[in-house]
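Protein chains get the first letters and strands the later ones, always in sequence-line order, with residue 1 at the start of each.
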There are 2 protein chains.
Amino acid sequence: MSAAARATRTGAAPVRERRVRARNERRILKAAEEEFDRYGFGGARMQRIADRAGLPKANIHYYYRNKQALYNAVLADIVAIWNAAFDLISPDDDPAEALAAYIRTKMEYSRTHAAAARIFTGEIMRGAPNLGEYLRGDLRTWVAERAAVIRRWQGAGRIDQVDPHHLIFLIWSATQHWADYAAQIAALSNRKSLARADYDAAAESLVRIILKGCGLAPR
Amino acid sequence: MSAAARATRTGAAPVRERRVRARNERRILKAAEEEFDRYGFGGARMQRIADRAGLPKANIHYYYRNKQALYNAVLADIVAIWNAAFDLISPDDDPAEALAAYIRTKMEYSRTHAAAARIFTGEIMRGAPNLGEYLRGDLRTWVAERAAVIRRWQGAGRIDQVDPHHLIFLIWSATQHWADYAAQIAALSNRKSLARADYDAAAESLVRIILKGCGLAPR
DNA sequence: GTCTATAGTTAGATAGAC
DNA sequence: GTCTATCTAACTATAGAC
């Protein structure tokens, strides 16, 4: 019996083996994220994921039962980061400051987590076959809470009477665009890729237009 | 030798056969659009496209050499409709009216051509491997011309000094969102699908926020 | 836990009769 | 131009030695 098998029985894997597992899972998830981003679920190849991760293909199946399970793990990762990153916006905040900060944070996410952002869009575009629970659960709660905050701001006359959901979707779409459409933006500006300054400038344009569009002073 | 083969040699196919060809190509393209939308290029299956079109699989290959050629035909269709639909915006237009009309038209496109819109997004997200020429050609010209119009408006003090490209991308993303993220919007509002009224209301919110955000009076 | 070899299955593409 | 049968390649997944 192997050390790992013994450890599983006793419920405590040796530290070294847990570390190997953690490192390999990280490598595989990273490689899978790149592959699913570039080719979509149907176009992704387990062999290429293995090559990117620097492991034999069989090892991918050792850690993840099948392609679907690996894809679900990548999605879970994306949703976890998403949940952790966007706890902003409470009723006591200044509306202009809170919205400006949210736009800038979301844009930064599009820049630093572009592949994750695109995989998320791909999943939603296919009808969210693996994220229905998340959309109808955590995300719906999040949206309802933020919409309530915006309505309280509106009740206090601190922001224009725009549909809170429409405002949230506007911010999501305008920032997400810089991940999903990065290739188009680069092609239109005759460049190979976008720089940090491009995202920063775009975020400032969005802050300016959206805040003013809601009757708020610039921040 | 068949009538078709004879006709090909003489350069004039009989009317009936041309009609059969046109009808079948339309059916196949429609079925392919649905399939590529639902599953992406890699996940699309020629057999399902054939089933949707009500034809044997071999016939799909008779009209389109392979899967890639069929996908390219679908993309060409999408780009053609796109080019035909958005010739709006000239320097003599009233900025508020022109932008409002563009937002409403683009939103209508997201509603009535949702599958096409999503396939386009998917292609761009994969790095636009089959649309580089279009992006660097027709689309770049289109964007440059519209940006020039916006700059003339700005020179005449008719609209705020916002980056014209950022404004165009904002309108594209905010309207495109209602095609790409329809599943998420429906899930968040606990409904199975979106109605025309949803798109219309969203368009009016966007017109209101974006026009005001650019220093324009509502239209 | 790692890796080679391969089983098993699917799907794109084609041959050839009609 | 249509359709059935089939070829072939590619890919997911697993068996089993180490």
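If you check every strand for non-hydrogen atoms under 4.0 Å, B:Tyr64 touches nothing. Within 4.0 Å of A:Asn66, counting heavy atoms only, lie sugar-phosphate atoms of the nucleic acid but no base atom. Among the heavy atoms of the strands lying under 4.0 Å from A:Ala44 are primed sugar atoms or P, OP1, OP2 only; no base atom is included.
Here the nucleotide nearest the side chain of A:Lys67, chosen from D:dC3, D:dT12, C:dG1, is D:dT12. Comparing atom distances between the A:Pro56 side chain and each of C:dA15, C:dC3, C:dT2 picks out C:dC3 as nearest. The A:His61 side chain lies nearest to D:dT12 when the options are D:dG1, D:dT12, C:dC3. Relative to the side chain of A:Ala58, the nucleotides D:dT12, C:dT2, C:dC3 differ in distance, and C:dC3 lies closest.
At C:dA13, none of the side-chain N or O atoms of B:Tyr62 fall inside 4.0 Å of OP1 or OP2 (strictly under the cut-off). Distances shown here put every side-chain N or O of A:Arg65 at or beyond 4.0 Å from the OP1 or OP2 atom of D:dA13. Remark: B:Arg45 is not in phosphate contact with C:dT10, judged by side-chain N or O atoms under 4.0 Å from OP1 or OP2. Taking 4.0 angstrom as the limit, B:Asn59 places none of its side-chain polar atoms (N or O) nearer than this to OP1 or OP2 of D:dT4.
When atom types are taken as modelled, the side chain of A:Gln176 and the backbone of A:Ser110 share no donor-acceptor pair closer than 3.5 angstrom. At distances below 3.5 Å, not a single donor-acceptor pair connects side-chain atoms of A:Gln184 with backbone N or O atoms of B:Leu135. Formation of a donor-acceptor pair under 3.5 Å by the B:Lys57 side chain with backbone atoms of B:Arg48 is not found in this model.
Taking a 6.0 Å sphere around CD of B:Gln68, one finds it holds more than 12 heavy atoms contributed by other residues, nucleotides or ligands. When the shell of 6.0 Å around CZ of A:Arg191 is examined, it contains more than 12 heavy atoms from other residues, nucleotides or ligands.
Residues A:Trp172 and B:Tyr181 place their aromatic rings such that the two centres sit no closer than 6.0 Å.
Rounded to 10°, the helix from C:dG1-D:dC18 to C:dC18-D:dG1 has 0° between the axis fitted to its first five pairs and the one fitted to its last five.
Atom C1' of nucleotide C:dT14 and atom OH of B:Tyr63 are separated by 17 Å, given to the nearest angstrom.
Ion pairing of A:Arg52 with A:Glu33 is absent here, as no side-chain N (NZ or NE/NH1/NH2) approaches a carboxylate O to less than 4.0 Å.
With hydrogens and angles ignored, no donor-acceptor pair under 3.5 angstrom links the side chain of B:Lys57 to the base of C:dA11.
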